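It should be emphasised that the depicted structure is a prediction, and the values quoted were computed from it without experimental measurement. All residue numbers in this chain count up from 1 along the given sequence.
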Amino acid sequence: MVGEFGPWLRGSRSYWQSDEGDRRREKILTRLHELRGKDLACPCEPEEACHADTLLEWGALSVLALEVRIASVRSRVDRQRTARGEEAMYDADALTAVLTRDVFVDCLVDFDPGDGIPQRCDNRTWNHHVLRQRLHENAVAARLVEVFA
């Protein structure tokens, strides 16, 4: 079960395709920022995979990296929901605003150019790419997937 937690938190609905599962994930996503700088206790053995390890990894992300990761998860969940004929949970425009924003810290970013295959570049290259997108309204909208800040 622990092995399924990471993919589930990242938006996979492979094992749990219910509204309840999506609502539980959302409760976790909205509170992850509270874990920054915290320790978690659990009954797992030190060498075992643990839910707490995944939660602490996310909680340790920079504010920008966490915001992008959460928006990416929400976007993934909504794509899966609408593909199954279910109603989207999130405001698509708000997600787009986060996933197509300029990144002003020196870092690497992963982005999806529209084909589902993430590519990596530095923040300056990403910002240039976003500027080109804004100038050409009919261009494929690339979206951030991950920020390594």
(request) Determine the minimum heavy-atom distance between Cys50 and Cys42, stating which atoms define it. (result) SG-SG, 3.1 Å

(request) Could you tell me whether Glu87 and Arg81 make a salt bridge, using a distance below 4.0 angstrom between a side-chain N and a carboxylate O? (result) no

(message) Can you tell me how far apart CE (Met89) and OG1 (Thr82) are? Round to the nearest 0.5 Å.
(response) 13.0 Å

(request) Check the hydrophobic clustering (I, L, V, M, F, W, Y; side-chain heavy atoms under 4.5 Å; chains of links allowed) and say if Phe148 and Leu99 are grouped together. (result) no

(request) Step through the shown structure and confirm whether more than 12 heavy atoms of other residues, nucleotides or ligands are within 6.0 Å of CZ on Arg31. (result) no

(message) Between Arg36 (side chain only) and Leu61 (backbone N and O only), is there a donor and an acceptor less than 3.5 Å apart?
(response) yes

(message) Using every non-hydrogen atom in the two residues, find where Pro7 and Glu4 come nearest and quote the distance to one decimal.
(response) CD-O, 3.5 Å

(message) If we check side chain to side chain contact (heavy atoms under 4.5 Å, CB included) with Leu144, which of these qualifies: Val98, Val103, Val130?
(response) Val103

(request) Give a yes-or-no answer on whether the side chains of Arg143 and Thr96 include a donor-acceptor pair shorter than 3.5 Å. (result) yes

(message) Please check: side-chain N/O of Asn123 versus main-chain N/O of Val105, any donor-acceptor pairing under 3.5 Å?
(response) yes

(request) Could you grab the distance from atom OG1 of Thr125 to atom CG of Leu108, nearest 0.5 Å is fine? (result) 9.5 Å

(request) Quick one: do Arg134 and Asp102 satisfy side-chain contact (heavy atoms from CB on, under 4.5 Å)? Show the steps, please. (result) CA-CA 11 Å; Arg134 291 179 185 142; Asp102 291 318; 3.2 Å; yes

(request) Kindly work out whether a path of hydrophobic side-chain contacts (I/L/V/M/F/W/Y, heavy atoms less than 4.5 Å apart) joins Phe111 to Val73. (result) no

(message) Rounded to the nearest 0.5 Å, what separates atom CZ in Arg74 from atom CG in Asp91?
(response) 11.0 Å

(message) Quick one, Trp126 with Gln119, criterion side-chain contact (heavy atoms from CB on, under 4.5 Å). Give me CA distance, side-chain angles, the key distance, then yes/no.
(response) CA-CA 10 Å; Trp126 165 253; Gln119 297 179 15; over 6 Å; no

(request) Just do the side-chain contact (heavy atoms from CB on, under 4.5 Å) check on Trp58 and Leu66 with the steps written out, would you? (result) CA-CA 7 Å; Trp58 285 53; Leu66 184 59; 4.2 Å; yes

(request) Take Glu146 and Arg120, measure what side-chain contact (heavy atoms from CB on, under 4.5 Å) needs, and give me the verdict at the end. (result) CA-CA 9 Å; Glu146 192 84 43; Arg120 183 164 291 169; over 6 Å; no

(request) Kindly work out whether a path of hydrophobic side-chain contacts (I/L/V/M/F/W/Y, heavy atoms less than 4.5 Å apart) joins Leu9 to Tyr90. (result) yes

(message) Between Asp53 and Leu56 (side chain of the first, backbone of the second, donor and acceptor by atom type, cut-off under 3.5 Å), is there such a pair?
(response) no

(request) Compute whether any side-chain donor of one residue and acceptor of the other, for Ser75 and Arg79, lie under 3.5 angstrom apart. (result) yes

(request) Return yes if some donor-acceptor pair links the side-chain N/O of Gln80 with the main-chain N/O of Arg76 below 3.5 Å, else return no. (result) yes

(message) Looking at Tyr15, I'd like to know if its OH atom is crowded, meaning that more than 12 non-hydrogen atoms belonging to other residues, nucleotides or ligands lie closer than 6.0 Å.
(response) no

